[in-house]
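For reference, the structure discussed in these notes is given below.
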Protein chains: 2
Amino acid sequence: MSNKHSPAEPAEPAVEGKPKAAERIRRTARELFYREGIRAIGVEEIVTKAGVTKPSLYRSYASKDELAAEYLRDYEVAFWKVFEAGAQTHPDDARAQLMAYIEGLSQRATQAGYRGCGLTNAVVEYPGDDHPARMVAETHKRKLRERLVELSAAMGAREPYMLADGLLLLLEGTYASGQMFGEHGPAESLVAVANQLIDASLR
Amino acid sequence: MSNKHSPAEPAEPAVEGKPKAAERIRRTARELFYREGIRAIGVEEIVTKAGVTKPSLYRSYASKDELAAEYLRDYEVAFWKVFEAGAQTHPDDARAQLMAYIEGLSQRATQAGYRGCGLTNAVVEYPGDDHPARMVAETHKRKLRERLVELSAAMGAREPYMLADGLLLLLEGTYASGQMFGEHGPAESLVAVANQLIDASLR
DNA sequence: TGACAATGTTACCGATCGGTACGTACGATC
DNA sequence: GATCGTACGTACCGATCGGTAACATTGTCA
């Protein structure tokens, strides 16, 4: 069995100073896809900026669509790391854990050049449900919704599903509006609004 | 002065059975851009589905980008018609007016194939702030935010700006999540969450 | 030194992209 | 009935799209 077209883990995680071609492509694609959008970026631009050539890209990834899906898988890993970071600093306090993420998000989403959530953006770019990148994004959002239900229940909400939905709407609203309004968009009010919603949802 | 490249109004509003070429293009572009995304649709496909030819498109619209901007201007007009529809049925009741829109939105956003807000989607598709379509969208979202402040003040909110931001986050969150989750997404809880938020914001 | 895998080089493919030069059909006017 | 402006179509442009074939070069390990 060849490992071609399935570099799930980087194998050699760039220990040596020189990252392999596949890894350079991955990183470059990640940045370009996120900043400019997947449809907006051609494979030519990716390999040029990565300092490699097209055949190298297609030796490690089956297609541009698959590279896009891979980018989103990386994005998801990074997301969870940030999202769950509060578990260390606030163990046994679901509300504080969640609010730690929300406070950080509010900061990021009110900075110029903010580009929202790469997973959500991919769903907007690919309306058809057959695109590999979209499938990664949809699956992730369902996981996020479940996680929010857990956190809502742990907070003691009367109706955890409703609070989770409300929080998810606020998060997605922040991702979207963060890239429409400049530095003083509605994401500035995210923390206060989330607290209001949580307070109103507790018994 | 020629009216080329500025058919602000259809001039002959399709009174005769035959819509002019520009009008057919406008309508076809509107549907295709909304359903599939602007970047995903080529001008060739637009003119083919509209039953006209490319030169006809470029006689009425300076470029694809300008046609996209025109599409969003139409979209905005349609949006306000829906958004303000509650003013007729519930005069002098800001909360009922807004909730009428929110209830309708919750319905639409929980149907399979929902595509969210065309204006928001355009912002996601064009991150650079120099695209004409994006400028239309950004301007509109600022107007929407202002309108929500008015409505929040009319409802008697302690802090109208904060309630308006919270509502805008919920709306944008619904546009986004409505196209990620199928028929039972978080938009199902929109009405209840919005009511909770409004209640908590009143004195 | 030799073998092998990974990468680079060059050149190319068919398809589609946004956009345009140019010719033609038609209805009104004198 | 010749003339003219409007509206439209035919045919084409150069550029870029995603993707590939064939071969040369490199580094590593035995």
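Just so you know, these numbers use all the heavy atoms, side chains as well, and skip hydrogens, waters and symmetry mates.
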Residues which pass salt bridge (Lys or Arg N to Asp or Glu O under 4.0 Å) with R158(A), listed by chain and number, not counting sequence neighbours: none
Can I get a per-line list of side-chain donor-acceptor pairs under 3.5 Å for residues 99-108 of chain B, giving both atom names and the distance, sequence neighbours left out?
| from | atom 1 | to | atom 2 | distance (Å) |
| --- | --- | --- | --- | --- |
| Y101(B) | OH | Y175(B) | OH | 2.7 |
| S106(B) | OG | A187(B) | O | 2.9 |

Taking only residues two or more places apart in sequence or in another chain, which ones pass salt bridge (Lys or Arg N to Asp or Glu O under 4.0 Å) with E159(A)? none
Distance check needed: dG8(C) C1' versus I25(A) CD1, whole Å only. 12 Å
Any side-chain to backbone donor/acceptor pair from R115(B) onto Q179(B)? Under 3.5 Å, distance only. no
Interatomic distance, K64(B) NZ vs dA15(D) C1' [rounded to whole Å]: 15 Å
Starting at CD of E66(A) and ending at P of dG19(D), how long is that distance when rounded to a whole Å? 11 Å
Separation of L67(B) atom CG from dC17(C) atom P, in whole Å? 15 Å
Show me the donor-acceptor pairs within less than 3.5 Å that the side chains of residues 34-44 of chain A make with the rest of the protein, sequence neighbours left out.
| from | atom 1 | to | atom 2 | distance (Å) |
| --- | --- | --- | --- | --- |
| Y34(A) | OH | G116(A) | O | 2.7 |
| R35(A) | NH2 | G113(A) | O | 2.4 |
| R39(A) | NH1 | E125(A) | O | 2.5 |

Would you say a side-chain N or O of Y58(B) is under 4.0 Å from OP1 or OP2 of dT20(C)? no
Please report, rounded to the nearest Å, how far the P atom of dT16(C) is from the CD atom of E36(B). 16 Å
Quick one: does any side-chain atom of R134(B) pair with a main-chain N or O of V123(B) as donor and acceptor, under 3.5 Å? yes
Whole angstrom is fine here: how far is it from CG in L57(A) over to C1' in dA6(C)? 15 Å
Main-chain N/O of M155(B) paired to R95(B) side chain as donor or acceptor, under 3.5 Å: no
Under 3.5 Å, which protein N or O atoms sit close to an N or O of nucleotides 24-26 of chain D? Give each pair with its distance.
none

When the distance from CZ of R59(B) to P of dA7(D) is rounded to whole Å, what number comes out? 9 Å
Nearest-Å distance, OH (Y61(A)) to P (dG18(D))? 16 Å
Side chains of V52(A) and L57(A): closer than 4.5 Å at any heavy-atom pair? no
Name every residue in residues 40-55 of chain A that has at least one heavy atom under 4.0 Å from any atom of DNA chain D, in order of residue number, or write none if there are no such residues. I41(A), G42(A), V43(A), K54(A), P55(A)
Short question: side chain of Y114(A), backbone of S177(A) - any donor-acceptor pair under 3.5 Å? no
